[in-house]
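Here's the structure, in structure tokens; my notes come after.
The figures here come from the full heavy-atom set of this structure, side chains too, leaving out hydrogens, waters and symmetry mates. Owing to the predicted nature of the structure, the values given are computational and were not obtained by experimental measurement.
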Amino acid sequence: MAKDIDIKQGIDWTTIWIYVALLIVGLMNIYAAVYNVDNPKPIFSLEHNAGRQILFMFVAFLLILIILFVDFKVYDTFAYIFYGIWIVVLIGTIFLGSDIKGSKSWIKFGAFSLQPAEFAKTFTVMALAKYLSTMGVNVSKMKYAFRAALFIFVPPIIIILQKETGSALTFAALMIVLYREGLPGVYPALIISFILLLILALIFPNWAVVLGLALFGVLFWYLFLKRYERNKQNLQRVIGLFVLFSGFVLTVDFVINNVLAPHQQKRIKVLVNPDIDPLGAAWNVTQSKLAIGSGGAIGKGYLKGTQTKFDFVPEQSTDFIFCTVGEEWGFLGSFVLLGLYFILLTRLLSLAEKQKSKFARIYGYGVASILFFHILVNIGMTVGLMPVIGIPLPFVSSGGSSLMSFTMLLFVFLKLDAHRSYKV
């Protein structure tokens, strides 16, 4: 037990109050999403998600107490052990997990289920922070960057085998951490380029995208490179990138049609053209946008959302909780929620930069990166700007695994921050 400081004095209460505010916003909107006008049940009833969320919140508070009263050095000292144990748990889930909606990523305990993939984010961030804070590790060098990438991508590979693609994609957010720690900017630039090319390949014919790449290459050579930079080495680089990008574009259709599952294919195609399957794969997003748009400036009022009350949007208390906020609280309520997230993320980054411990700083950036990815993609899903990959909105969506995993992720950092004057 760490006795060197008073935890009540060292803890960042601003972040805690934002956390509490998000929990309250989440609970109110979960109740609104499950509220039945004809048969209203009290918010504490365990017969619906709101009542169960209160139970999960109680468990999360117990988890917070454990995290805050455990010695802060434990998280750095045993990071690899935690990571290794959870890799074993993830592998075991493939064989022992319950099949829920085609995904074997859940372990059932009576009436409740636990999703190990959610907690893997915390242990991966710990292990990554441990490795990157090791003396001599420099991710600007390829061998160290490769080893760091292994820490990041081993868990999502296992999670994909559980058929839980959405949770697996969130680990890509940790590339932000690598960039902060010195990863050359060319790598994030390549990732962004591939994402843009994927979008273009879905919208336009492949030949048109390849032709556009060729024209861009020629313009880049003659307009952006100075005369003395037009040498053989740079020509090889331009041609190499053209071949790489063109090859990627030409494989997009094959991967979508032959590698992805049918429901994943539909989600991607619907993102580009919502009219392709309006009553099927596009239904959730279409109804979500209608709900958010109908809220107007100040919303329809609490428990008065029509899209919400008549179950037009499936999974409305989990993946699509933001459309409840938009419908009943309008633009104003949505702005307040986004404002809370913005303050939380900027606060985390500010605290991370103040750390004397490299482990704590890297861990803080990992927390902010994971939360940012979830917020961006979840809200993007509800407004039709992102494919529906089924990830929760932090601290707001219903679900015990997601709430406890986000709570653990956040409060381990707050514990480390409370001891920021110490170098781990």
Contacts of I24 meeting side-chain contact (heavy atoms from CB on, under 4.5 Å) (sequence neighbours excluded), chain-then-number -> V20, M28
Next on the checklist: Is it true that Q115 and S105 share a donor-acceptor pair across their side chains at a distance under 3.5 Å?
Outcome noted: yes
The complete set of ring pair (Phe, Tyr, Trp, His ring centres under 6.0 Å) pairs with one or both residues in residues 388-408, sequence neighbours excluded, reads Y19-F395, H374-F406, F395-F406
Partner of I30 under side-chain contact (heavy atoms from CB on, under 4.5 Å), picked from I43, N49, I54, T324, is N49
Distance in Å, [X] [atom1] paired with [Y] [atom2], rounded so as to fall on 0.5 Å steps:
{"X": "Q53", "Y": "L27", "atom1": "CD", "atom2": "CG", "value": "7.0 Å"}
{"X": "D71", "Y": "K415", "atom1": "CG", "atom2": "NZ", "value": "7.0 Å"}
{"X": "D12", "Y": "L351", "atom1": "CG", "atom2": "CG", "value": "4.5 Å"}
{"X": "L22", "Y": "W17", "atom1": "CG", "atom2": "CH2", "value": "13.5 Å"}

Are any non-hydrogen side-chain atoms of [X] and [Y] less than 4.5 angstrom apart?
{"X": "S334", "Y": "W329", "value": "no"}
{"X": "E118", "Y": "P392", "value": "yes"}
{"X": "L403", "Y": "V59", "value": "no"}
{"X": "I159", "Y": "L90", "value": "yes"}
{"X": "D319", "Y": "I391", "value": "no"}

Test ring-ring contact (aromatic ring centres under 6.0 Å, His included), reference Y80, set W86, Y75, F151, output is F151
Quiz item: Can a salt bridge be assigned to the pair E328 and K300 using a cut-off of 4.0 Å between side-chain N and carboxylate O?
Solution: no
N-O pairing of R361 and E353 below 4.0 Å
no
Closest heavy-atom pair, V367 versus V125, reported as atoms and distance to 0.1 Å, is N-CG1, 4.4 Å
Closest non-hydrogen contact found for L183 with P188 is CD2-CD, 4.3 Å
By ring-ring contact (aromatic ring centres under 6.0 Å, His included), Y187 pairs with (sequence neighbours left out) none
Looking at the rings of F194 and F248, which for Trp means the six-membered one, are their centres under 6.0 Å apart? yes
Could you walk me through whether L393 and T318 pass side-chain contact (heavy atoms from CB on, under 4.5 Å), step by step? CA-CA 8 Å; L393 191 58; T318 53; over 6 Å; no
### Query
Stepwise, does the side-chain contact (heavy atoms from CB on, under 4.5 Å) test hold for L196 with F245?
CA-CA 11 Å; L196 292 175; F245 290 155; over 6 Å; no
#### Entry: Steps toward side-chain contact (heavy atoms from CB on, under 4.5 Å) verdict (F119, L409)
CA-CA 8 Å; F119 296 90; L409 186 70; over 6 Å; no
Where do Y83 and V154 land on the side-chain contact (heavy atoms from CB on, under 4.5 Å) test, with the steps shown first? CA-CA 11 Å; Y83 179 80; V154 167; 3.8 Å; yes
| request: Describe, in one word, how the ring planes of F220 and F216 are oriented to each other, choosing from parallel (under 30°), tilted (30 to 60°) and perpendicular (over 60°). | output: parallel
